[in-house]
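Heavy atoms only: backbone and side chains are in, while hydrogens, waters and symmetry mates are out.
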Amino acid sequence: MSSLNDTVVYMDNNATSMVAKEVVDSMMKYFSESYGNPSSMYTFGGVVGEAISKARSQVADLLGCTPDEITYTSCGTESDSTAILSALRSYPEKRHVITTRVEHPAVKSLCENLEIATGRKYRVTRLKVDSEGMLDMAEYEAALSDDTAIVSIMWANNETGVIYPVEKMARMAKERGILFHTDAVQAVGKIPMSLKDLDIDFLSLSGHKLHAPKGVGVLYIKKGTLFVPFVTGGHQERGRRGGTENVASLVGLGTACALAADNLAEENGRVRDLRDRLEAGLLSSIPEAILNGHKTSRLPNTTNISFKYVEGEAILLHMNRYNICASSGSACTSGSLEPSHVLRAMGVPFTAAHGSIRFSLSVYNTEEEVDFVLEKMPAIIESLRKMSPFWKE
Ligand code: PLP
């Protein structure tokens, strides 16, 4: 019997991640001892301003850009909206947006609103993906037009971990004089990046996916890119985003970015090995299990596997009995279980899309945890299949 029976086995890091101890430690002072307003003129506020400046440099170091290209926001969703709406306001004569069919709701819903709430003033092209979740570059090239204000393509998909060729896509947009935004909420801290070498104009990140607190995000705005603020108010963030800064959390974000830079090698080494061991073990020990997503162009921490003929939500409930945390690719909406738009866009068959589970690891996972999951999953799936009218042994 594993010693893990009473502890939480957390494999849902693409949903949110544990705030690292070093991050918490760096934040504490800014709740009590140094609580000044960073915009104040006196030293008591000034030291707080310096703390968020230091954090800005730590974020910039991780992204490979300069601190003045970093604007703090409240979350990844706000960063996504800010980038896309800024482009549309900067170039009001342009009415076309290019995105994909597999974006996070932060971009997906905004684009739907752009079409519907504006009485179709804007046109949105949603690029198709193939069965491995990859884009067709010819379709992309053909979609770029003089009317395109911005392209918004995620760097890595939150459900499958599939990595998109944003470097190349940004270059192609730039050649046509079109702005390029990438939602890198899942990619930052998991794969190396150096924005100074790329044609990306806007990049979104979110603190809570990389072991910083929830409620802080960043919008990278390349130097020289036209920008119109989304949240207006005071002159914080050099007039780019109003509102008194979430100081302690931003200090935490800086620490988390410094940690992430230190952990990149481990993320792409030990974490990748753990993920591969988990993936290979599940695919070999459970019949009719299939991998969703590209085999190699994928984040090192993510695997999305469909267990055919069972419901993802039922699998999660059984996993919960052992305190194993992961996500399913279906959402229970108004009594019906709808498979995710990502898996539908990939053409994953109905019987498989319903039984998909995403495991997303972090540097805090261990081999013992992977073995525990590998020990429990075959029996969970077998017991559920016994109750399934579709399963024939
Ligand atoms: N974009 C992607 C790809 C995400 O995975 C998420 C969160 O799951 C978001 C945006 C939204 O980030 P936030 O929760 O900080 O608003």
Side-chain angles (χ1 to χ4, degrees), residues 10-26 54-67 69-70 76 79 153-158 160-168 170 182-198 200 203-213 216-220 222 249-279 293-303 358-367 369-370:
Y10 191 75
M11 296 194 178
D12 203 14
N13 287 275
N14 290 10
T16 198
S17 62
M18 180 186 84
V19 181
K21 182 179 179 310
E22 297 88 328
V23 170
V24 176
D25 290 347
S26 70
K54 179 180 167 202
R56 203 183 299 279
S57 299
Q58 289 168 313
V59 176
D61 286 348
L62 180 64
L63 299 183
C65 65
T66 57
E69 293 175 309
I70 299 298
S79 300
I153 312 263
M154 63 196 337
W155 199 316
N157 185 270
N158 46 302
T160 59
V162 169
I163 297 174
Y164 293 104
V166 290
E167 296 96 329
K168 186 171 177 202
T182 184
D183 175 340
V185 165
Q186 295 294 345
V188 172
K190 293 176 190 152
I191 51 175
M193 47 187 69
S194 176
L195 295 178
K196 67 177 179 323
D197 305 322
L198 304 180
I200 291 169
L203 173 145
S204 307
L205 77 81
S206 172
H208 72 108
K209 311 289 182 175
L210 67 151
H211 306 294
V216 279
V218 161
L219 179 64
Y220 157 84
K222 198 175 198 64
S249 294
L250 291 174
V251 170
L253 176 66
T255 310
C257 286
L259 271 180
D262 289 346
N263 288 341
L264 261 180
E266 183 179 352
E267 193 73 60
N268 287 275
R270 193 183 66 85
V271 175
R272 184 188 295 276
D273 290 347
L274 285 182
R275 189 276 312 267
D276 288 350
R277 181 189 173 98
L278 176 68
E279 183 173 295
H294 198 269
K295 267 204 162 55
T296 53
S297 182
R298 192 147 50 95
L299 293 174
N301 78 320
T302 308
T303 185
R358 174 191 69 188
F359 299 89
S360 47
L361 279 59
S362 81
V363 291
Y364 298 104
N365 285 117
T366 62
E367 201 170 309
E369 289 177 323
V370 167

Answer whether the closest heavy-atom distance between the side chains of L210 and L62 falls below 4.5 Å. yes
Please determine whether a side-chain nitrogen of the Lys or Arg among K21 and D25 lies less than 4.0 Å from a carboxylate oxygen of the Asp or Glu. yes
Any chance you could measure E167, atom CD, to S194, atom OG, to the nearest 0.5 Å? 10.0 Å
For G252 and S26 the tightest heavy-atom approach is CA-OG, 4.0 Å
Determine whether L259 and V363 make a side-chain contact, defined as any pair of heavy atoms from C-beta on separated by less than 4.5 Å. no
Measuring from atom OH of Y220 to atom CG of L195, what distance do you get when rounded to the nearest 0.5 angstrom? 5.0 Å
S360: partners by side-chain contact (heavy atoms from CB on, under 4.5 Å), with sequence neighbours left out: D12, N13, N14, N301, T302, R358
How long is the straight-line distance from CD of Q186 back to OG of S204, given to the nearest 0.5 Å? 12.0 Å
L278 side chain reached by L361 side chain, heavy atoms, under 4.5 Å: yes
For the atom pair CD1 (I191) and CG (N268), what is the distance rounded to the nearest 0.5 Å? 8.0 Å
State which residues pass ring pair (Phe, Tyr, Trp, His ring centres under 6.0 Å) with H211; sequence neighbours excluded, sorted by chain then number. Y364
Heavy-atom check, side chain of D61 versus side chain of C257, under 4.5 Å: no
For the backbone of V162 and the side chain of S297, can you confirm whether one donor and one acceptor N or O come within less than 3.5 Å of each other? no
Please report the closest heavy-atom contact between V185 and K209, naming both atoms and the distance. CG1-CG, 3.5 Å
Pairing residues for Q58 by the side-chain contact (heavy atoms from CB on, under 4.5 Å) criterion, not counting sequence neighbours: K54, A55, A258
Any S79 side-chain heavy atom under 4.5 Å of D183 side chain: no
Rounded to the nearest 0.5 angstrom, the CZ-CG distance for R56 and L253 is 10.5 Å
Nearest heavy-atom neighbours spanning G161 and A156: O-CB, 4.3 Å
To the nearest 0.5 Å, what is the distance between OG1 (T303) and CG (D276)? 8.5 Å
Compare all side-chain heavy atoms of M11 with those of N365 and state whether any distance is below 4.5 angstrom. yes
Hey, are the side chains of R277 and D273 touching, using non-hydrogen atoms and a 4.5 Å cut-off? no
For the pair V188 and M193, evaluate side chain to side chain contact (heavy atoms under 4.5 Å, CB included) and give the outcome as yes or no after the intermediate values. CA-CA 8 Å; V188 172; M193 47 187 69; 4.0 Å; yes
Is L203 close to W155 at the side-chain level, that is, under 4.5 Å between some pair of heavy atoms? yes
Looking at K295 and R298, what are the two nearest heavy atoms and their distance? O-NH2, 3.3 Å
Would you say E69's side chain and T66's backbone share a donor-acceptor pair under 3.5 angstrom? yes
Grab the two heavy atoms, one from L299 and one from A187, that are nearest each other, plus how far apart they are. CD2-CA, 4.1 Å
Of the non-hydrogen atoms in E369 and T366, which two are nearest, and what is the gap between them? OE1-N, 2.9 Å
